[in-house]
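Chain letters run A, B, ... following the sequence lines, proteins first and then strands; every chain starts at 1. Note that the coordinates shown come from a computational prediction; the quantities given were computed from them, not determined experimentally.
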Protein chains: 2
Amino acid sequence: MMHPQYRSDLLRMADTFKVLGDPNRLHILSLISHQELCVCEITSILNISQSNASQHLARLRSVDLVKERRNAQWIYYSLNQEAFPLITEILDSLPDVSGELKKIEDLPNHPKCKI
Amino acid sequence: MMHPQYRSDLLRMADTFKVLGDPNRLHILSLISHQELCVCEITSILNISQSNASQHLARLRSVDLVKERRNAQWIYYSLNQEAFPLITEILDSLPDVSGELKKIEDLPNHPKCKI
DNA sequence: TTAGTATATTCGCATATACTGATGAGATAT
DNA sequence: ATATCTCATCAGTATATGCGAATATACTAA
């Protein structure tokens, strides 16, 4: 016989937790739960390569955990609470990283007017 | 400079979610959140090898998600809510697998008296 | 003791993942 | 047009993971 029907639900949930199972992605989620950020800001705060940040964001996109909004060259990412309601409680249980949001003004070539 | 101090918290949380990021382990957790089970019961319900079940349980142990209790040859696993309080809400959001617990009586060499 | 059962661990393989560096695509500015 | 900037994707590499097979360990019963 085939797998019971809830097997696909378990698979989908496991995929989401797999995406949550990386400290850099948890860090990104925690940051963008406070305010939307563009990739270069995330790259700068986490101190990782642009390529690496972009790949982490692709994983977060793949399970619909983030929303994106383009403005000129910049693509702003923010948390998508709707797709996975539990994400709010999960992020609340993480250590507070909001202090890192203060220094993003000092980035070179930082977008001043975000409209 | 070194990593900020919350980095280790993010790492620990990521490790936990990494363990949750597998459908068989979610299945096991969901089962033992209803009642304690020994490894051969888990093996039979999930229809996986004994070695595989034991390895999944080792991963669950490594992040303290399960409790174990030995009785004769059998080792009974149950959910450890204390180590990760969010686990209860996570398991509540999973599909119901309690129907699978009814058939464990029919297993060959099944322990009758669990004391 | 020996045999049988239950569980854990080790090894090897195939695949997945995290990362770096290079390239490509889209937008802005000159 | 070229140059620059932001971001995505691809290729390659090192490590991690999931699994079966074989083995080791722990307990029970005769």
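Atoms CH2 (A:Trp74) and C1' (D:dA8) sit 17 Å apart, rounded to a whole Å. Distance B:Asn52 CG to C:dA6 P: 18 Å, rounded to the nearest Å. Taking atom CG of B:Leu57 as the reference point, atom C1' of D:dG18 lies 14 Å away to the nearest angstrom. Distance, A:Ile75 CD1 to C:dT28 P: 12 Å, rounded to whole Å. Distance, B:Glu68 CD to C:dA8 P: 7 Å, rounded to whole Å. Separating the NE2 atom of B:His56 from the P atom of C:dA8 is a distance of 13 Å, rounded to the nearest angstrom. The distance from atom CZ of A:Arg59 to atom C1' of C:dA16 is 9 Å, rounded to the nearest whole Å. Atom CD1 in B:Ile48 sits roughly 13 Å away from atom P in C:dT7 (whole-Å rounding).
B:Asn52 meets the side chain to side chain donor-acceptor pair (under 3.5 Å) test with B:His56; sequence neighbours excluded. Shown here are the ring-ring contact (aromatic ring centres under 6.0 Å, His included) partners of B:His27, two or more places apart in sequence or in another chain: A:Tyr6. Residues meeting the side-chain contact (heavy atoms from CB on, under 4.5 Å) test with A:Asp96, sequence neighbours left out: A:His34, A:Ser98. For the salt bridge (charged side-chain N to carboxylate O under 4.0 Å, His left out) test, residues two or more places apart in sequence or in another chain that qualify with A:Glu68 are A:Arg61. Residues that satisfy the side-chain contact (heavy atoms from CB on, under 4.5 Å) test with A:Ala72, not counting sequence neighbours, are A:Trp74. Partners of A:Gln73 under the side-chain contact (heavy atoms from CB on, under 4.5 Å) rule, at least two apart in sequence or in another chain, do not exist in this structure.
Tested against A:Leu31, the residues A:Glu41, A:Glu100, A:Glu36 include a single side chain to side chain contact (heavy atoms under 4.5 Å, CB included) partner, A:Glu100.
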Kindly give the atom pairs (protein nitrogen or oxygen, nucleotide nitrogen or oxygen) under 3.5 Å for nucleotides 21-26 of chain D.
{"from": "D:dA21", "atom 1": "N6", "to": "B:Ser51", "atom 2": "OG", "distance (Å)": "2.7"}

Result block: side-chain N/O donor-acceptor pairs under 3.5 angstrom for residues 11-22 of chain B, not counting sequence neighbours:
{"from": "B:Arg12", "atom 1": "NH2", "to": "B:Asp9", "atom 2": "OD1", "distance (Å)": "3.2"}
{"from": "B:Thr16", "atom 1": "OG1", "to": "B:Arg12", "atom 2": "O", "distance (Å)": "3.3"}
{"from": "B:Asp22", "atom 1": "OD1", "to": "B:Asn24", "atom 2": "N", "distance (Å)": "2.9"}
{"from": "B:Asp22", "atom 1": "OD1", "to": "B:Arg25", "atom 2": "N", "distance (Å)": "3.1"}

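Rounded to the nearest 0.5 Å, atoms CG (A:Leu79) and CD1 (A:Ile28) are 12.0 Å apart.
Remark: A:Lys18, A:Asp22, A:Asn24, A:Arg25 in residues 8-25 of chain A come within less than 4.0 Å of DNA chain C through at least one heavy atom.
If you find the closest nucleotide of DNA chain C to A:Ala72 and to B:Ala53, the one lying nearer the 5' end belongs to B:Ala53.
Note on B:Tyr76: every side-chain N or O is 4.0 Å or more away from OP1 and OP2 of C:dT7.
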